[in-house]
Amino acid sequence: MLGAKAGESTSNSGSISRREFFKDAGAAAATSAFPLLGEGSDAPVADGTPEQVHLTWGEDPSRTVYVSWASPGRAVHPRLILEPARSDPTTVEAVERTYTDGLNGQTVFTYHARIDALTAGGTYRYSVTADNDSRGKAPFAAGFRVARRGRFAFRWTSYGDLATPVASWTLSSPQSRHAVDAVERFQPLFHLLNGDLCYANLNPSAQPAVWADFGNNVQRSAAHRPWMPCPGNHEIEFHNGPQGLDSYLTRFALPDNGTSYPGRWYCFKVGSALFISLAADDVIYQDSGAFHAGPLPLRPAASSGRAPIPPGTSLYVRGYSRGVQTQWLEQTLAAAQADADIDWIIVQMHQDALSSSERGNGSDRGIREVWLPLFDRYGVDLVLCGHDHDYERSWPVRGCEHHVGRDTLTGAKVDTCRPRPVLTSEPVGGRFDATRGTIHLILGGGGTSAPLDAYGINPLSGVPQAKVITKPNRPMPSPLPGVYMKVGADALEDAIWSARRDVVSGYGIGVFDLDPGAPGGETTITLRYYHALGADRMPSAQYELFDTVVLTKPRRKA
Ligand SMILES: [Fe+2]
Ligand SMILES: [Fe+2]
């Protein structure tokens, strides 16, 4: 996420300039600026030709996969043809989901084919088409692997804050293309995309076109392996549903969470690991969703029928589930604790509880207050985040210290609920006993135009220092007439929990290899973080190893 302070420069500053606010309000591009991959740059026709094809897991990744896509117009008889390795093709009818963008009035057509009863560990080919598919004679085709059942070794990858390769969109960068290629280089079983998918809400009059460029960029990978997302602050869009998530929710078919808030949070189990994807906008203090600075109102297209958005408006959704998400999280964690087939618990969310980024957002006390005690109680092993566009790894943490922060303005003591590290030096061989604490990772270096790999330092002691948001930073008038701004974090603390920070590159990818071990032995997860050297200055396809840690624990008796 980026802050939104009126009048600041955009160059790697983590803020959007006033000029860009004006540009956002007046931008008029309404069609995709990124040609369909492999299809040249023909003008789009509003037919049912599939594009933006991507996979997600269903509730059980060893038997259910969703294949989703969009098309420029309404598809007639949208369908998937599944080609198992050793049997005849079958047809799966796709379900249509649409939404009409609340700012430019464009209706978006998406399609979702649920493929059930797959063979665990099997590989499949598929194609997607419709009666009005312009490529109907040679429809889009790809293949995928299904997760195995029981304990097995597998790899996943992760980052957040991807954007699109179309640099004319706010916060987009060609690095976004290299980031997708990086996933394919490592050939994971699946990828976790930790929020801030494409920053459509920073291009308010062209949101569906930004989403299309995102979808067509990730298709190179996401059509071949599930990409599992969580919502970030930049998925929150004006006039698109109660939390602004209509676009996100329409485009992704995700495991059901059994609550009245489908799609925002979910879990799935692969091998001996439970993956929990959370919607942190529900608990954070910071106000970082859609925001209109002014000075002119943001005027939706007349066809949308929507009211103008006055300067100083932000879509602040903290607390929207009224505790339902946290209740679901505790029930999910308790069930995992009782399930001896689960050795590992990995949480994915967008915003950060432990980040010492200097120009980014920093840490949010809302997550520390509500979710970190649950992570402690139920032994969550890893928390994977984005939001600050850098790489930071924490020491394993358990519990917290109170009243050790300082107000940024007055210096008065502030309770930042500072997480307590259980060790503060690298263990022998880089092998961490995962039973002792939770490691938090910031993996915000997907492919935006704003790397933020500068970190806080206490000027008095020289130790790492973190900004902490402990209260809502709602919009307030700026010095410019009619223009509003949001201030950043209100507190500082010594980041005694910070273990490693990448000051060389703001871009990278986390690669995780889970080894289930043998009965009666140890199980491990090896994290290797690869960063894109030189990419802060020039987009780069060169991802090189920066950090390696091994988490180890006794394998549970199933
Ligand atoms: Fe971001
Ligand atoms: Fe963010």
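Order of appearance sets the numbers: ligands from 1, and atoms from 1 within every ligand.
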Legend entry - Under the salt bridge (Lys or Arg N to Asp or Glu O under 4.0 Å) test, residues paired with R365 that sit two or more places apart: E369

Legend entry - Where the Fe ion (ligand 1) is the vertex, angle from D161 OD2 to Y199 OH to 10°: 90°

Inset, instruction - Could you go through the side chain to side chain donor-acceptor pair (under 3.5 Å) check for D282 and S321 one step at a time? - result: CA-CA 7 Å; D282 191 18; S321 84; 2.6 Å; yes

Inset, instruction - Establish, yes or no, whether a centroid distance under 6.0 Å links the rings of F268 and F190. - result: yes

Legend entry - Shortest-distance N, O or S atom of H389 relative to the Fe ion (ligand 1): NE2

Legend entry - salt bridge (Lys or Arg N to Asp or Glu O under 4.0 Å): pairs with one or both residues in residues 493-507, sequence neighbours excluded: R368-E493, R500-D547

Inset, instruction - Angle at the Fe ion (ligand 2): provide the value between OD1 of N233 and ND1 of H387, rounding to 10 degrees. - result: 100°

Inset, instruction - Rounded to the nearest 10 degrees, what's the angle OD2 of D196 makes with NE2 of H350 at the Fe ion (ligand 2)? Could you check? - result: 90°

